[in-house]
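The block underneath contains the structure these notes are about, expressed in structure tokens.
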Amino acid sequence: MLIVMKKDANEEKIQSIVTAIEKRGYTARPIPGGNRVSIGILNNKNSVDAAHFLGLNGVKEVIPVTKPYKLVSREFKQENTHVKIGDAVFGDGTMPVIAGPCAVESETQVLSIAKSVKEAGAKLFRGGAFKPRTSPYSFQGLRKKGLEHLAKVKQETGLPIVTEVMDVQNFDQVEEVADLVQIGTRNMQNFSLLRRAGKSKKPILLKRGMSAMLQEWLMAAEYIMEKGNNNIILCERGVRTFVRHSRNTLDLSVVPAVKKESHLPIIVDPSHAAGVRDQVISLSYAAAALGSDGMMIEVHNNPDEAMSDGAQSLYPDQFTKVIKTMNAIHAIILKD
Ligand code: PEP
Ligand code: MN
């Protein structure tokens, strides 16, 4: 249930409603909006009787929430959430681009790629220090050393860093360096990791599980928000289907569906969906045309020698062209 406060309800009135909710044994979660504050009621085992709250001073209306997810739903918060990182804003109608290699391989490698993607217009730099690999014999990432290289990238270029956290034990060290902490497709329903992410002060990039339904994905985001972290960006990265012509199938239709259901920003990662660079380019344009809130694209200075995902990584020159065209497509969408 959502209690919508009157526009002129001051802090004192809001607090008195919070107290009234808590007295009944529920949890109250104030949600500031552009014009007015709403207060979500959480942890109710049964339906809540609206009559308890309707007549209270400062209350405009009481809206039942029909969705299983609450805090992440549009029913709870109508305005888009804006997630600000560096000079990028996700969710305000712009389309910031995150770019970089799949894995951090050396300081020289990340610095070289970071400089070229920054020049091309990328707003954040990505690179995995902890790599979730299908095979235990594949390169697992440089781990702590990789984080140090990422810190160097930030220091030299000023680009905010996006990097993946794979488990609760490594969360502290990852969030120290990351400006946006990534939770990958394989961990979308790692509930202890989600709860830990909910306690982080850093924004979270929550990738869609490779076979997750929209509802399951939003429920995963709810785990994070329920612990107090409201800065979440969702990322569509392709789902498993029966086809073999691409690594995964980019579910473009999920972008408008998420925007309808949730106030959280949603970005698209065409690289992990496609698996091959030609498709990455076309899918990037399609995602820009959808009004995606951002993009994440893998770029490598020497893809043939890359330690992971070389086949889907764009060459820096290619990326420069792609970002230009994506921005031009997005500008047309913005005008509408
Ligand atoms: C990645 O972005 O580095 C990654 C491993 O992606 P995903 O979790 O989508 O496979
Ligand atoms: Mn990758």
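Counting starts at 1 for both ligands and their atoms, in listed order.
- Distances from the Mn ion (ligand 2) under 2.8 Å pick out these protein N/O/S atoms: Cys102 SG, His272 NE2, Glu298 OE2, Asp309 OD2.
- Atoms of ligand 1 lying under 4.0 Å from at least one heavy atom of Gly184, given by number and element, are 8 (O).
- Residues passing the side-chain contact (heavy atoms from CB on, under 4.5 Å) test with Asn230 are Arg29, Met225, sequence neighbours excluded.
- Remark: Arg143 fails to qualify as a cation-pi partner of Phe130 under the 6.0 Å distance and 45° angle criteria applied to the six-membered ring.
- Close approach to Arg237 involves these atoms of ligand 1, each under 4.0 Å from a residue heavy atom: 7 (P), 9 (O), 10 (O).
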Can you list the steps and then say if Glu175 with Arg196 is a salt bridge (charged side-chain N to carboxylate O under 4.0 Å, His left out)?
-> CA-CA 11 Å; Glu175 75 179 341; Arg196 173 62 184 83; 2.5 Å; yes
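- Against a heavy-atom cut-off of under 4.0 Å, His272 is close to the following atoms of ligand 1: 1 (C), 2 (O), 3 (O), 4 (C), 6 (O), 10 (O).
- By the 4.0 Å heavy-atom criterion, Arg208 is excluded from the residues contacting ligand 1.
- Under a 4.0 Å heavy-atom criterion, Met210 is not in contact with ligand 1.
- Closest of all the heavy-atom pairs between Ser308 and Lys131 is OG-CE, 4.2 Å.
- Taking all atoms of both residues into account, the shortest heavy-atom contact from Gly40 to Phe76 is CA-CE2, 3.3 Å.
- Shortest contact from atom 8 (O) of ligand 1 to any protein heavy atom: Thr185 N, 2.8 Å.
- His300 and Glu305 are not linked by any side-chain donor-acceptor pair at a separation below 3.5 angstrom, with hydrogens and angles left out of the test.
- Protein heavy atom closest to atom 5 (C) of ligand 1, with residue, atom name and distance, is Glu164 OE1, 3.7 Å.
- Met95 and Ser292 make their closest contact through CG-O, 3.5 Å (heavy atoms, listed as atom of the first residue, atom of the second, distance).
- Of the protein's non-hydrogen atoms, Arg126 NH2, 2.8 Å is the one closest to atom 3 (O) of ligand 1.
- Scanning the protein for heavy atoms near atom 7 (P) of ligand 1, the closest one is Lys207 NZ, 3.5 Å.
- Atoms of ligand 1 lying under 4.0 Å from any heavy atom of Arg186, numbered from 1 in the order shown and given with element: 8 (O), 10 (O).
- In terms of N/O distances under 3.5 Å, ligand 1 is approached by Gln182.
- No single ILVMFWY cluster, assembled from side-chain heavy atoms under 4.5 Å apart, contains both Ile266 and Leu205.
- Arg126 contributes no side-chain N or O that, together with a main-chain N or O of Thr163, makes up a donor-acceptor pair within less than 3.5 Å.
- Looking only at atom types and distance, the side chain of Gln189 has no donor-acceptor partner in the side chain of Tyr223 under 3.5 Å away.
- For Asp269 and Lys207, the salt-bridge test passes: some basic side-chain N is under 4.0 Å from an acidic carboxylate O.
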